[in-house]
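Below is one structure, written out as structure tokens, with a few remarks after it.
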There are 2 protein chains.
Amino acid sequence: MVVEHEEQPPLERRSRDPERTKEEILVVSTQEFADRGFAGARVDEIANKTRTTKRMIYYYFGSKELLYMAALERAYEDIRVVEANVDVEHLDPIRAIRRLAELTFDRHEANPNFSRLISQENVQRGQFVTKASGFPRLERPIIKILEQVLERGRADGVFVRDIDALDVHMLISSFCFFRINNRFTFAASFGRNLVEPDRRAMYREMIGDVVVDYLTTPSPEDH
Amino acid sequence: MVVEHEEQPPLERRSRDPERTKEEILVVSTQEFADRGFAGARVDEIANKTRTTKRMIYYYFGSKELLYMAALERAYEDIRVVEANVDVEHLDPIRAIRRLAELTFDRHEANPNFSRLISQENVQRGQFVTKASGFPRLERPIIKILEQVLERGRADGVFVRDIDALDVHMLISSFCFFRINNRFTFAASFGRNLVEPDRRAMYREMIGDVVVDYLTTPSPEDH
DNA sequence: GTCTTAATGTACGAACTGGAGAATTCGCGG
DNA sequence: CCGCGAATTCTCCAGTTCGTACATTAAGAC
């Protein structure tokens with residue numbers, strides 16, 4: 001674990017670049033927290049993986065907890081940016097729903113660290129996101145977009161199921177989240193690799209089908 | 001943290017009961033690992049919460065890692081027992097699917113520690129379940145049961161979707177798992193309490209509807 | 001009874017880990 | 001070219017935590 005670091009002569013150890021230093025700490029610590037959890041991550045290890053020192057972490061972030069919160073915040077911010085740039089207004093409701101499902105699907109796949117951080121945070125009962133000390137806004141743009149699509153679908157008469165945007169989002173998210181996050185234990189239990197490329201396309205379509213089928217099927221009278 | 005323990009005069013501090021001691025360590029450590037994760041859990045703390053000492057943990061389990069694996073194993077075993085006792089053969093395929101969905105739903109709700117352990121294990125990339133040192137069988141009876149139900153449904157012509165038991169199980173599990181496990185960050189992001197009793201019944205029915213709608217709707221020709 | 005051995009209790013240590021005090025260096029405005 | 005504050009480095013520490021060496025006790029065999 002020592003060798004590989006010496007192999008970087010062109011890595012300009014540029015001094016005095018606070019923004020870059022902060023950014024690097026944030027990126028590395030996100031990875032570490034996602035990998036090992038809050039308790040498992042080591043401040044020393046994070047420092048070693050940056051081009052700066054442990055003291056800098058405390059200089060900029062104050063404590064391990066604050067660093068973790070900063071990383072979590074950043075992760076949410078990234079998601080929000082992606083979601084804010086979605087445009088499905090030109091699609092008919094069914095295609096729009098499929099598109100949104102694919103978006104969430106791709107997002108989970110492209111950014112597994114976000115999910116791992118979230119997972120981590122939930123294991124410890126959301127002790128940081130629920131901190132009264134005001135964890136900043138976590139609103140997610142995708143909900144508004146979903147609401148509009150559902151509205152249009154209902155107006156058109158194609159969506160007949162009584163369900164709101166939040167629950168649709170939960171249905172989609174849960175599927176995408178599980179596939180990425182629980183792939184290790186799932187593979188151990190059932191011997192199926194959920195992220196195998198061959199299967200990926202199938203799941204990507206599947207979640208769209210699931211949601212569309214649900215939205216377009218009337219509630220059963222009896223149950 | 002000292003007081004409550006003194007309040008148990010009838011708690012026969014029975015010496016020499018290895019089975020009971022082992023069992024107590026396992027129960028307590030499951031709770032602790034689920035609460036704090038592997039790295040976050042403290043061996044001393046686990047010992048304090050049992051009526052035995054840290055020494056016993058090492059005596060019976062050898063190390064923190066082995067204790068964690070024992071707890072994980074036990075959790076899987078519990079699930080397997082529950083699943084093995086399911087009987088849905090007397091139900092028509094649609095009702096059987098709903099019943100199985102409810103079973104998984106209830107299981108996640110009744111035993112959140114299992115899910116948290118699983119979550120924990122996945123955050124650390126399944127480092128223990130995938131250990132070559134042979135983590136014991138993790139097979140789950142529910143898959144066979146699901147397979148039979150799907151088979152009957154297809155024979156009856158009510159299930160027309162081409163999907164296997166494992167993927168149906170994943171769809172159901174993901175929903176139930178997410179609702180329990182991610183309830184903290186979901187509440188923080190969206191302000192919705194996923195485990196609120198009023199909403200519980202709705203979700204319990206919803207996942208059944210989702211799966212049944214999916215299974216009974218033909219694949220779209222275009223996509 | 002006593003003997004043997006499994007079970008339990010006590011105390012300690014070595015390594016790790018989050019954190020901070022204080023010195024130092026760099027870059028920039030004047 | 002100088003001075004000043006921000007950025008960075010160096011060094012050390014106090015508390016924690018896993019793990020263990022060693023002593024002790026209870027329970028059943030005979």
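Keep in mind that this is a model prediction, so the values were computed, not measured. Below, read A as the first sequence line, B as the second, and so on, with proteins coming before strands; counting in each chain starts at 1.
Distances shorter than 4.0 Å separate none of the side-chain N or O atoms of A/Y58 from OP1 or OP2 on C/dA20. Remark: B/T21 is in phosphate contact with C/dT8, judged by side-chain N or O atoms under 4.0 Å from OP1 or OP2. Look at A/T52 and you'll find a side-chain N or O under 4.0 angstrom from OP1 or OP2 of D/dT9. Contact between the side-chain N/O atoms of B/Y60 and the OP1/OP2 oxygens of C/dT8 is found at a separation under 4.0 Å. Here A/R42 does not reach the OP1 or OP2 of C/dC16: none of its side-chain N or O atoms lies under 4.0 Å away.
The separation between B/E32 atom CD and D/dC18 atom P is 11 Å, rounded to whole Å. One can place CG of B/L67 at 15 Å from C1' of D/dT17, the figure rounded to the nearest angstrom. The OH atom of A/Y68 sits 15 Å away from the P atom of C/dG18 (whole-angstrom rounding). Atom CG in A/D44 sits about 13 Å away from atom C1' in C/dA20, given to the nearest Å. In this structure, CD1 of A/I57 is placed 10 Å from P of C/dG18, rounded to the nearest angstrom. The CD-C1' distance, from A/E19 to C/dG27, rounds to 16 Å in whole Å. The interatomic distance linking A/F61 (CZ) with C/dA20 (P) rounds to 16 Å, in whole Å. Between the P atom of D/dC18 and the CG atom of B/N48 lies a distance of 11 Å, rounded to the nearest Å.
Take the nearest nucleotide of DNA chain C for A/E65 and for B/Y59: the residue whose nucleotide is more 5' is B/Y59.
For the 3.5 Å distance criterion, the side chains of A/T185 and B/N122 qualify, holding a donor opposite an acceptor.
Here the nucleotide nearest the side chain of A/M56, chosen from D/dT20, C/dG18, D/dT8, is D/dT8.
Salt bridge A/D167/B/R199: absent, no basic N to carboxylate O contact under 4.0 Å. Between B/R74 and B/E23 there is a salt bridge, since at least one side-chain N of the basic residue sits less than 4.0 Å from a carboxylate O of the acidic one.
Among the heavy atoms of the strands lying under 4.0 Å from B/A41 are primed sugar atoms or P, OP1, OP2 only; no base atom is included.
With hydrogens and angles left out, the side chain of A/K64 and the base of C/dG19 share no donor-acceptor pair within 3.5 Å. The base of C/dG21 is paired with the side chain of A/R55 by a donor and an acceptor separated by under 3.5 Å.
Between the side chain of B/R179 and the backbone N or O of B/L194 there is at least one donor-acceptor pair closer than 3.5 Å.
Under the 6.0 Å cut-off for aromatic ring centres, B/F128 and B/F38 qualify, their centroids lying closer than that.
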